[in-house]
Number of protein chains: 2
Amino acid sequence: MRGDNRLSRMLHVLIHLGQEEGPATSERLAQMLDTNPVVVRRTMAGLRDKGFVRSDRGHGGGWSLTRDLDQINLLDVYRAIDEPAIFALSMSEDTPRCLVEQAVNAALESELREAKTSLLKRFEGITLAALAKDFERRARQVRRVKLHCP
Amino acid sequence: MRGDNRLSRMLHVLIHLGQEEGPATSERLAQMLDTNPVVVRRTMAGLRDKGFVRSDRGHGGGWSLTRDLDQINLLDVYRAIDEPAIFALSMSEDTPRCLVEQAVNAALESELREAKTSLLKRFEGITLAALAKDFERRARQVRRVKLHCP
DNA sequence: TTCTATGCAACATTAGAAGTTACTAATTGA
DNA sequence: TCAATTAGTAACTTCTAATGTTGCATAGAA
């Protein structure tokens, strides 16, 4: 598996929505993500169900935020996309008979659980507004670099 | 992808080797892991290259430890199997043009790097001897349970 | 009614781990 | 020397979950 991009993609899209006037269509968001409108709808569905965005059909429809970016954190988004697996590492069996295997799995599972808890706690402390602020800092930086190298 | 079992499997095998008299063949180890001798050789190759086990061909050959279990920790094994990806989460692009995407990736990568560092530090503190000790505790427990329910 | 948009089911593609086959090479021992 | 045993390895298939795609239904605006 090369990896699960959904979290990264949804964060990307939500911050763009925060910069928009009206709604953005799946088609436009798909272009931003270099993918397909169906993939966008599929993944955004979770965010809509959790009340972070709304979707409207027909002329002038599309996706829009229903909360400010400072009211959404990374844990919210992770949960909204259905809490995909964090780790690529996994155990060979769920309930092995072998006691050695049981001991190995218990140790690994304990460490991964701890790492996951700690990571999600950090996710909870990062709002999309903070990411948007970093984006703006980068945008100013680009402008400055451009002025220096015309 | 359901996940990468190599770390779990190698820990399992190494602890069994620690309980053995002579070498164990790939065939026997494969039975323990419910897999195939070729998969065993493929994964054990890294451990051999790093000097944790040796392999001998011909009659009476097979795999054996070249260090005590208290001289091998989980980080050693993780590195020996070529440091597979820890996380299933990943970024959509390596070097995106979009500044929003850059900000998102920077934040996620920073958190994942931090989580990985912390996890590997913990791995370093866990020796295979400690896992073997937990295995023995479980074995005693099973015996006790069996005595109570004959 | 027509155009635009999402909703969704069904299917194809993809990437990497795992599994398999078929063979070679080395070592032991009769 | 020869037969049996065991690892080494390349090449291929299978499996799984995310991703991509097609086609059509549904809803809303002009």
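These numbers come from the heavy atoms of this one structure, side chains and all, not from hydrogens, waters or symmetry mates. In what follows, every chain begins at residue 1, and chains take the letters A, B, ... in the order their sequences are listed.
Contacts with DNA chain D (heavy atom under 4.0 Å) in residues 50-68 of chain A: A/R57, A/G58, A/H59, listed by number. Within residues 28-39 of chain A, the residues that have a heavy atom under 4.0 Å from DNA chain D are, in order of number, A/T35, A/N36, A/V38, A/V39.
One finds no salt bridge joining B/R79 and B/E124 here, because no Lys/Arg side-chain nitrogen approaches an Asp/Glu carboxylate oxygen to under 4.0 Å. The existence of a salt bridge linking B/K116 and B/E111 is excluded, since no basic side-chain nitrogen approaches an acidic carboxylate oxygen closer than 4.0 Å.
Rounded to whole Å, the distance from CG on A/L47 to P on C/dG7 is 12 Å. Summarising the geometry, the separation between CG on B/L7 and P on C/dA18 is reported as 11 Å, rounded to the nearest angstrom. Atom pair B/L89:CG and D/dA18:C1' shows a separation of 13 Å (rounding to whole Å applied). Taking atom CG on B/D4 and atom C1' on C/dA18, their separation rounds to 10 Å, with Å as the unit. Remark: P of D/dA17 and CZ of A/R42 are 15 Å apart, rounded to the nearest angstrom. Rounded to whole Å, atom C1' of C/dG7 lies 16 Å from atom CD of A/E27. A straight line from CE of B/M44 to C1' of C/dA18 spans 17 Å, rounded to a whole angstrom. As a whole-Å value, the separation of A/D82 CG from D/dA18 C1' is 14 Å.
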Which is it for A/R122 and B/E114 under the side chain to side chain contact (heavy atoms under 4.5 Å, CB included) test, yes or no, and what are the steps along the way? CA-CA 10 Å; A/R122 282 167 158 276; B/E114 156 67 24; 3.7 Å; yes
Start with the C-alpha distance between A/N5 and B/M91, add both sets of side-chain angles, then the distance that settles side chain to side chain contact (heavy atoms under 4.5 Å, CB included), and finish with yes or no. CA-CA 6 Å; A/N5 295 49; B/M91 313 307 139; 5.8 Å; no
Go through the steps to decide whether A/V39 and A/L33 satisfy the test side chain to side chain contact (heavy atoms under 4.5 Å, CB included), and finish with yes or no. CA-CA 10 Å; A/V39 175; A/L33 296 179; over 6 Å; no
List the steps and the verdict of side-chain hydrogen bond (donor to acceptor under 3.5 Å, both in side chains) for A/W63 and A/S26. CA-CA 7 Å; A/W63 299 88; A/S26 305; 2.9 Å; yes
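Across every non-hydrogen atom of B/V53 and B/T66, the tightest pair is N-OG1, 3.5 Å.
The residue among B/P84 and A/R48 whose nearest nucleotide of DNA chain C is located toward the 5' end is A/R48.
Counting heavy atoms from C-beta outward, A/L108 and B/L74 have side chains that approach closer than 4.5 Å.
Residue A/R41 places at least one side-chain N or O closer than 4.0 Å to OP1 or OP2 of C/dT6. OP1 or OP2 of D/dA18 sits under 4.0 Å from a side-chain N or O of A/R6. Under 4.0 angstrom from either OP1 or OP2 of D/dT6 there lies no side-chain N or O belonging to B/T25.
Checked against D/dG20, C/dT6, C/dA18, the side chain of A/R9 finds its nearest nucleotide in D/dG20.
B/T117 places a side-chain N or O within 3.5 Å of a backbone atom of B/R113 that can act as its donor or acceptor partner.
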